[in-house]
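Below: one structure, written as C-alpha cells.
Computation of the quantities below employed the complete heavy-atom set of this structure, encompassing side-chain atoms and omitting hydrogens, waters and symmetry-equivalent molecules.
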Amino acid sequence: MNKILIVEDEKSLARFVELELRHEGYETVIESDGRKALDLALKEDFNAILLDLMLPNLNGLEVARRVRQVKTTPIIMMTARDSVIDRVSGLDHGADDYIVKPFAIEELLARLRAVLRRVQIEKKSMGETMGVQKVVHFNDLTIETANRIVHRGDKQVDLTKREYNLLMTLIENKNNVVTREQLLNTIWGPESKIETNVVEVYVRYLRNKIDVPGRPSYIKTVRGTGYMVRTNENDEHRDEIE
C-alpha cells in the first residue's frame, strides 16, 4: 500500500484529500506545520508527498528543497499561485509536479498515479543498468550515464535531474528537432499539465550551465517548433557511445 504525506494547513481541504486517497486505497498521514512535515518526511518513508506552498513555520518551497537534498520522494506541490515563475520555482526546489487550487480531486489522483508510475519505471531502469557504466560523448561533453555525471572538457557540470534528462533527450535526438511537446512528454510525463513555456525556462538553465561564454550554444532554438543539438562538423569522432 502506498503511503502518502499530505501537508496542508487548510483542515477541510486536508481532510477531503485524505478521505479521497483512502477511498482509493492509499495510506495517509496529515501534517499542517511545515517544520513538522519536514521532520516527518525525512524520518519516515513515504511513497509521495502532497505539499501546500503556504505553511506555518516553514514554507512548502523550503520543505521541498530540504527533502530533495536527502530523498527522492515524489512531491506534488499544491498551490493557489499559477504564474510561470511560481511553477518553475516549485519545480526548481524539487517538486515533481504541481496542481493549482482549486482543483478537481480526479486530476490530483491522476497526477499522483503518474508520479508513482514514473518512480516504478525509473527503479526498473536503474535495476537494469545497475553496474553498467556507459559513457556518452557529444562534442566536448562527456556524460557518465550510470551516475549522471557531466563534464564539458575538464570541468564538471552539476545538473538537476530534469536538466540532465533534458540534455540527454536532446543528445539522443542529435541533429533533429525535438518539439516542446515531445520534451514535456519525455521529461514530465504525458499526463503532466505543465505548459511549454516551462520547457523554455529549463533550456535557459541548461544553457547557462553547459555553454561557454563567447562560444555558440550547443542548444539551438528552432523558432516556433522546439530545440536541437548539432554535432560539430570538425569533431564528429567524439559523438559516440562507449
Side-chain angles (χ1 to χ4, degrees), residues 1-123 161-162 184-185 187-198 201:
M1 179 183 296
N2 287 312
K3 185 177 180 181
I4 312 300
L5 175 60
I6 304 168
V7 187
E8 170 61 64
D9 64 341
E10 186 180 333
K11 292 184 179 179
S12 59
L13 177 58
R15 180 58 176 163
F16 171 68
V17 172
E18 177 187 43
L19 290 174
E20 292 292 335
L21 290 185
R22 289 188 174 181
H23 179 72
E24 295 293 322
Y26 296 100
E27 180 183 350
T28 60
V29 175
I30 293 179
E31 182 52 67
S32 60
D33 179 277
R35 194 167 299 279
K36 292 180 181 178
L38 175 62
D39 292 340
L40 263 177
L42 296 181
K43 182 174 63 176
E44 299 186 24
D45 290 327
F46 293 95
N47 296 98
I49 301 172
L50 304 181
L51 181 61
D52 186 23
L53 182 61
M54 304 302 294
L55 296 166
N57 294 320
L58 198 65
N59 67 53
L61 291 178
E62 188 62 17
V63 172
R65 186 186 70 83
R66 296 191 191 184
V67 169
R68 192 56 74 235
Q69 288 177 335
V70 181
K71 292 187 171 185
T72 59
T73 311
I75 298 172
I76 298 177
M77 192 77 74
M78 302 186 297
T79 175
R81 299 180 179 179
D82 62 352
S83 70
V84 172
I85 190 63
D86 288 323
R87 294 193 292 270
V88 170
S89 181
L91 295 169
D92 278 350
H93 281 74
D96 294 87
D97 202 351
Y98 66 88
I99 188 167
V100 178
K101 299 177 183 177
F103 51 78
I105 190 63
E106 292 82 5
E107 181 181 0
L108 178 63
L109 291 171
R111 290 175 184 243
L112 180 57
R113 289 192 297 269
V115 297
L116 292 174
R117 187 159 54 246
R118 288 202 295 271
V119 168
Q120 292 303 314
I121 292 172
E122 289 177 0
K123 284 182 178 179
K161 177 182 175 181
R162 283 197 177 87
L184 277 178
N185 288 338
I187 298 167
W188 281 274
E191 296 179 47
S192 173
K193 300 298 182 180
I194 296 173
E195 289 87 352
T196 56
N197 49 14
V198 173
V201 174

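- Residues passing the side-chain contact (heavy atoms from CB on, under 4.5 Å) test with Ala48, sequence neighbours excluded: Ile4, Pro74, Leu112, Leu116.
- In this structure, CG on Leu38 lies 9.5 Å from CZ on Arg65, to the nearest 0.5 angstrom.
- Asp45 has its side chain within reach of Lys71: a pair of non-hydrogen atoms, C-beta onward, lies under 4.5 Å apart.
- In this structure, the salt bridge (Lys or Arg N to Asp or Glu O under 4.0 Å) partners of Arg22, at least two apart in sequence or on a different chain, are Glu18.
- To the nearest 0.5 Å, the span separating CD1 on Ile105 from CG on Leu21 amounts to 6.0 Å.
- Between Leu108 atom CG and Phe103 atom CZ the span is 5.0 Å, to the nearest 0.5 Å.
- Side-chain contact check for Leu109 versus Glu24: some heavy-atom pair is nearer than 4.5 Å.
- Checked against side-chain contact (heavy atoms from CB on, under 4.5 Å), Leu19 has the following partners two or more places apart in sequence or in another chain: Arg15.
- Contact between Arg162 and Ala95 at its shortest, heavy atoms only, is NH1-O, 3.0 Å.
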Item to complete: Begin with the C-alpha distance, continue with both residues' side-chain angles, and end with the deciding distance and a verdict on side chain to side chain contact (heavy atoms under 4.5 Å, CB included) for Val63 and Val7.
Response: CA-CA 10 Å; Val63 172; Val7 187; 5.8 Å; no
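- Between the CG atom in Leu13 and the CD atom in Glu8 there is a gap of 4.5 Å [rounded to 0.5 Å].
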For a quick test of your reading: what N or O donor-acceptor pairs under 3.5 Å do the side chains of residues 50-60 make, sequence neighbours left out?
unit_1, atom_1, unit_2, atom_2, d
Asp52, OD1, Lys101, NZ, 2.9
Asn57, ND2, Asp33, OD2, 2.2
Asn59, OD1, Leu61, N, 3.0
Asn59, OD1, Glu62, N, 2.9

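- Expressed to the nearest 0.5 Å, how far CG of Asn47 lies from CG of Leu5 amounts to 11.0 Å.
- How far OH of Tyr26 is from CD1 of Ile6: 11.0 Å, rounded to the nearest 0.5 Å.
- Across all their heavy atoms, Glu31 and Ala37 have their closest contact at CG-N, 3.5 Å.
- Take Ser32 and apply the side-chain contact (heavy atoms from CB on, under 4.5 Å) test, not counting sequence neighbours, and it matches Asp9.
- Arg68 pairs by the side-chain hydrogen bond (donor to acceptor under 3.5 Å, both in side chains) definition with Asp96, not counting sequence neighbours.
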